[in-house]
Amino acid sequence: MKAVRLDAIGNLFVREVEKPVPGPNDLLVRVEACGVCGTDRHILHGEFPSKPPVTLGHEFCGIVEAVGDKVTTVKPGARITGDPNISCGLCPQCLNGRVNLCRNLKAIGIQIDGGFADYVIVPEKQAYEIPLDLHPHHGAFCEPLACCLHGVDMAEIRAGSSVVVLGGGVIGMLTVQLCRIAGATKVVLVTRQAEKRALAEEIGATHSFDPSSGDAIEGLVGANGLLPGGADVVIECAGVPETMEQAPKLAKAGGTVVILGVMAAGDKIEIEPFDILFRELRVLGSFVNPFTHRRAADLIASGAVKVEKLISRTVGIDEAPDVISNPPRKGEIRVMVLPNG
Ligand code: NAP
Ligand code: ZN
């Protein structure tokens with residue numbers, strides 16, 4: 001079968017590999033769709049730890065073709081979405097319920113062969129069944145949605161909250177929708193591209209803002225801005241220094257900042273500790289998807305979170321390395337790789 005292999009940092013190719021065989025607790029899944037994520041680009045450039053040689057692709061869904069002897073909860077023919085993040089269940093963090101902080105965390109598509117392939121092996125405990133009548137590409141949004149859901153849970157959004165979401169990629173677009181579902185009445189998506197601002201307003205943002213149109217801080221939270229005095233919650237979903245530095249300045253006193261965007265390890269930004277102290281800001285990091293995958297899958301299966309318009313284009317497996325090696329095209333939100341056509 002074909003697979004998108006990261007041979008070494010910076011080296012990504014489609015290769016012919018053996019079709020995998022499921023172990024006793026595993027499912028063999030024929031991949032229907034696997035999304036290209038910002039994190040795949042970070043992995044390729046060595047900015048996010050991986051373990052080459054490995055097949056990339058951590059946002060996948062597909063049909064179970066075969067199951068191992070010990071599998072009891074999933075049957076061949078079912079459609080599943082995979083939670084790629086595998087915790088050990090034994091380390092102090094796991095025993096404390098912080099599975100995403102597991103010392104031995106491994107991820108399908110990052111350290112273990114993933115979904116940019118005709119088939120992927122998924123341990124039974126990482127598989128979440130989704131309806132067969134769902135659009136075959138939509139299940140591939142469960143993983144990014146589960147990450148956003150963890151961030152939105154951490155933000156403790158309440159009915160009537162105001163939120164600024166920075167960055168109009170897929171993470172920002174999903175976060176905007178979750179904030180509305182969680183009860184926020186004002187949700188402002190900040191992103192530079194006009195197409196993305198228009199899309200955000202179509203799918204749930206109450207307002208959008210162009211950060212290149214002038215002073216973003218003044219325009220958003222100044223006296224005549226959209227949210228004078230600041231937002232209850234700011235969620236950083238761009239992963240660039242500019243938005244990381246803006247995030248605390250956009251929160252109101254006593255507000256919450258959640259960092260979802262990834263900056264490379266070692267990169268630094270300027271913050272003003274006095275401001276965090278004096279205005280009692282809560283600044284929280286949100287890493288992956290602890291116990292949120294089931295809810296994410298249900299939000300997609302029910303249609304409560306809309307994903308169709310987030311698919312900018314679909315490509316075959318041969319085009320995947322090129323897509324991952326290049327920055328997203330103008331206006332592009334999510335490219336979906338369809339290994340089996
Ligand atoms: P993405 O497609 O690169 O989206 C980020 C968006 O930010 C871009 O589309 C860009 O849109 C916008 N942006 C860039 N500079 C900006 C600025 N100065 N002001 C406002 N917006 C700006 O990436 P993604 O897939 O949505 O992922 C977002 C981040 O989350 C990435 O860093 C990814 O690694 C990370 N992530 C984290 C988790 C987690 O568990 N925490 C999970 C998945 C992904 P415009 O060109 O329109 O500005
Ligand atoms: Zn991802």
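Note that ligands are numbered from 1 as they come in the structure, with each ligand's atoms numbered from 1 the same way. Worth saying up front: this structure is predicted, and the values here are computed from it rather than measured.
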Can you classify the ring geometry of His138 versus His135 as parallel (below 30°), tilted (30 to 60°) or perpendicular (above 60°)? parallel
Ring-plane angle category for Phe278 and Phe274, please: parallel below 30°, perpendicular beyond 60°, tilted otherwise. parallel
Sub-3.5 Å N/O-N/O distance, [X] and ligand 1:
| X | value |
| --- | --- |
| Pro328 | no |
| Thr243 | no |
| Gln246 | no |
| Val262 | yes |
| Ile259 | no |
| Phe287 | no |

So, the side chain of Asp113 versus the backbone of Thr55: is there a donor-acceptor pair under 3.5 Å, distance only? yes
N/O donor-acceptor pair under 3.5 Å between Ser162 side chain and Asp232 backbone: yes
Atoms of ligand 1 under 4.0 Å from any heavy atom of Cys147, numbered from 1 in the order shown, are 40 (O), 42 (C)
Atoms of ligand 1 under 4.0 Å from any heavy atom of Gly38, numbered from 1 in the order shown, are 25 (O)
Using the side chain to side chain contact (heavy atoms under 4.5 Å, CB included) rule, take Leu6 and Asn11 through it: C-alpha gap first, then chi angles, then the decisive distance, then the call. CA-CA 6 Å; Leu6 181 73; Asn11 287 346; 5.8 Å; no
Can a donor-acceptor pair be found between the side chains of Thr81 and Glu143 at a distance below 3.5 Å? no
Can you tell me which portion of [X] lies within the under-4.0 Å heavy-atom range of ligand 1? Options are side chain, backbone, both, or neither.
| X | answer |
| --- | --- |
| Lys196 | side chain |
| Leu260 | both |
| Pro211 | side chain |

According to side-chain hydrogen bond (donor to acceptor under 3.5 Å, both in side chains), does anything in residues 274-291 pair up with another residue at least two apart or in another chain? List the pairs. Asp83-Asn289, Asn85-Asn289, Thr256-Arg282, Asp275-Arg279
Any Leu166 heavy atom less than 4.0 Å from ligand 1: no
Run down the list Gly169, Gly285, Ala264 and name the one with the heavy atom closest to atom 2 (O) of ligand 1. Gly169
Quick note, ring pair (Phe, Tyr, Trp, His ring centres under 6.0 Å) partners involving residues 279-321, not counting sequence neighbours, are Tyr128-His293
